[in-house]
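What follows is a single structure, written as structure tokens, with notes after it.
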Number of protein chains: 2
Amino acid sequence: MSATRLDPIDRKILAELQADGRMTNVELAKRVGISAPPCLRRVRTLEEAGYIRGYHAEVDARELGFEVQVFAMVGLQSQAESDLSAFEARCREWPLVRECHMLNGEVDFILKCVAPDLSSFQTFLTAELLTSPNVGSVKTSLVIRGTKDEPGVPFDVLENRLRQQA
Amino acid sequence: MSATRLDPIDRKILAELQADGRMTNVELAKRVGISAPPCLRRVRTLEEAGYIRGYHAEVDARELGFEVQVFAMVGLQSQAESDLSAFEARCREWPLVRECHMLNGEVDFILKCVAPDLSSFQTFLTAELLTSPNVGSVKTSLVIRGTKDEPGVPFDVLENRLRQQA
DNA sequence: AGTGAAAGTACAGCTGA
DNA sequence: TCAGCTGTACTTTCACT
């Protein structure tokens with residue numbers, strides 16, 4: 001794993017910025033135990049190396065009027081690579097589709113969607129997704145309640161793993 | 001929808017911070033077309049009102065050694081509220097489970113999991129999830145490739161909607 | 001607008017291969 | 001010795017009143 005190219009301070013930086021991405025550099029430096037300038041240099045390096053893909057404010061979807069969250073399992077008629085990528089390209093265009101993952105097993109894709117209300121999701125479902133070329137089966141499941149939604153990765157798992165390898 | 005309590009500048013602020021959460025306040029102010037001090041006041045207000053739940057660095061899970069991503073559909077034997085919340089509490093404890101959503105339909109929960117490799121996920125699956133009390137059926141699907149993974153909500157959809165209501 | 005703090009730069013010293 | 005990282009000193013920019 002490439003995480004071995006990172007020293008413990010780098011991993012601490014990533015963990016801290018994942019938890020609070022708007023922390024000042026001096027606060028971050030204090031937490032990871034070095035002074036501010038090298039800390040900033042490490043952050044820049046981590047950004048350029050792609051370990052940090054970006055920073056995002058986590059907004060409350062419900063408060064903003066996106067009351068509905070739906071998972072859609074999509075099966076395609078043809079799984080030829082060109083057909084797969086055509087479907088993927090369409091998913092990237094649909095703003096209500098926030099995530100799209102290609103899966104193994106009976107279902108080809110899982111889509112995580114948001115919508116202001118049920119009726120606008122239904123409109124998307126019938127007018128866009130179901131009428132999309134090559135789409136075979138679609139099974140949708142409404143999210144009744146959200147239990148856990150942690151962004152990113154569990155850094156404690158990573159640390160345990162590296163400790164055992166040493 | 002409570003988004004009507006927000007004016008267009010507030011929504012622009014949220015959209016910009018969702019796209020780049022580490023932007024400086026002056027840069028943000030410039031983009032939304034007001035001067036820095038009122039912009040900062042708006043951001044603080046949005047944070048305190050809960051529209052902004054936090055800021056996070058988006059880290060590259062693969063680069064950090066989390067090679068495997070899995071969706072698990074879980075059916076419980078009892079759907080009594082106390083049994084549901086007991087399972088939810090367990091999900092919150094498992095670090096490999098990043099998301100847990102309660103669904104309608106045949107399956108009770110969908111779990112989004114990450115793991116360093118297949119074998120450590122299998123260990124989690126057999127030693128933790130499958131042996132957990134009240135767990136009936138578990139169907140897992142490996143993510144073959146990620147197609148789209150946009151955090152947050154589509155602000156353009158929100159703007160279109162508000163425009164039509166007016 | 002003005003003050004105090006943080007970001008970012010330049011440079012010099014330290015440490016390990 | 002030399003590369004790489006660190007910390008101090010300093011300027012510029014930003015946060016906040």
Side-chain angles (χ1 to χ4, degrees), chain A residues 1-60 63-64 151-153 155-156 158-166, chain B residues 5-65 151-152 155:
Chain A
M1 80 175 68
S2 352
T4 51
R5 303 181 136 269
L6 270 46
D7 68 11
I9 294 178
D10 287 324
R11 295 195 299 272
K12 191 92 198 297
I13 287 175
L14 291 172
E16 293 289 345
L17 285 180
Q18 178 177 275
D20 180 4
R22 220 175 152 75
M23 192 183 306
T24 65
N25 182 56
V26 298
E27 173 66 20
L28 179 62
K30 193 165 63 181
R31 293 199 188 193
V32 304
I34 60 178
S35 68
C39 183
L40 185 61
R41 277 194 292 271
R42 279 169 182 265
V43 172
R44 294 280 177 272
T45 305
L46 290 168
E47 287 168 357
E48 277 154 31
Y51 288 98
I52 297 175
R53 301 164 73 96
Y55 301 90
H56 308 284
E58 181 192 356
V59 303
D60 189 309
E63 287 280 320
L64 281 168
V153 300
F155 277 97
D156 45 353
L158 183 61
E159 294 299 333
N160 284 336
R161 213 175 151 69
L162 293 171
R163 210 168 295 136
Q164 284 166 11
Q165 285 175 357
Chain B
R5 306 180 133 267
L6 270 46
D7 69 12
I9 294 179
D10 287 324
R11 296 196 298 271
K12 191 92 198 298
I13 287 175
L14 291 172
E16 293 289 343
L17 285 179
Q18 178 176 276
D20 179 4
R22 223 175 149 75
M23 194 183 306
T24 64
N25 182 56
V26 299
E27 173 65 21
L28 179 63
K30 192 166 63 183
R31 295 199 187 193
V32 304
I34 59 178
S35 68
C39 184
L40 187 61
R41 273 196 298 271
R42 280 169 181 265
V43 172
R44 294 280 177 269
T45 305
L46 290 169
E47 287 168 355
E48 276 155 31
Y51 288 99
I52 298 176
R53 302 165 71 95
Y55 301 90
H56 308 284
E58 181 191 359
V59 303
D60 189 311
R62 273 232 156 67
E63 287 278 321
L64 281 169
F155 277 96

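Chain letters run A, B, ... following the sequence lines, proteins first, then strands; residues in each count from 1. Everything quoted here is computed from the prediction, not taken from an experiment.
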_For Leu6(A) against Arg11(A), the heavy-atom pair lying closest together_ = O-NH1, 2.9 Å

*Does a side-chain N or O from Asn25(B) land closer than 4.0 Å to OP1 or OP2 of dA15(D), or not?*
yes

*Please list, chain by chain and in numerical order, all residues satisfying side chain to side chain contact (heavy atoms under 4.5 Å, CB included) with Asn160(A), sequence neighbours excluded.*
Arg163(A)

Distance-only donor-acceptor hits, side chain of residues 29-40 of chain B, under 3.5 Å, sequence neighbours excluded:
residue  : atom : partner  : partner atom : Å
Arg31(B) : NE   : Glu27(B) : OE2          : 2.7
Arg31(B) : NH1  : Glu16(B) : OE1          : 3.2
Arg31(B) : NH2  : Glu27(B) : OE2          : 3.2

*Counting N and O atoms only, with roles assigned by atom type, does the side chain of His56(A) sit under 3.5 Å from a partner on the main chain of Gln18(B), one being a donor and the other an acceptor?*
yes

*Round to the nearest Å and state the distance from Lys30(A) atom NZ to dG7(D) atom P.*
15 Å

*Where along residues 38-47 of chain B does a heavy atom fall under 4.0 Å from DNA chain D?*
Leu40(B), Arg44(B)

*Specify the residue among Pro37(B) and Glu27(A) whose closest nucleotide of DNA chain C lies further upstream toward the 5′ end.*
Pro37(B)

*Just call it for Thr24(A): base, sugar-phosphate, or nothing, with non-hydrogen atoms closer than 4.0 Å on any strand.*
sugar-phosphate

*To the nearest angstrom, how far is Arg22(A) atom CZ from dA6(C) atom P?*
15 Å

*Grab the CE-P distance between Met23(B) and dT13(D) for me, whole Å please.*
19 Å

*Identify the heavy atoms of Gly50(A) and Asp60(B) that sit nearest to each other, and give their distance.*
O-CB, 3.4 Å

*If you look at every heavy atom in Leu46(A) and Asp10(A), which pair is closest and at what distance?*
CD1-O, 4.1 Å

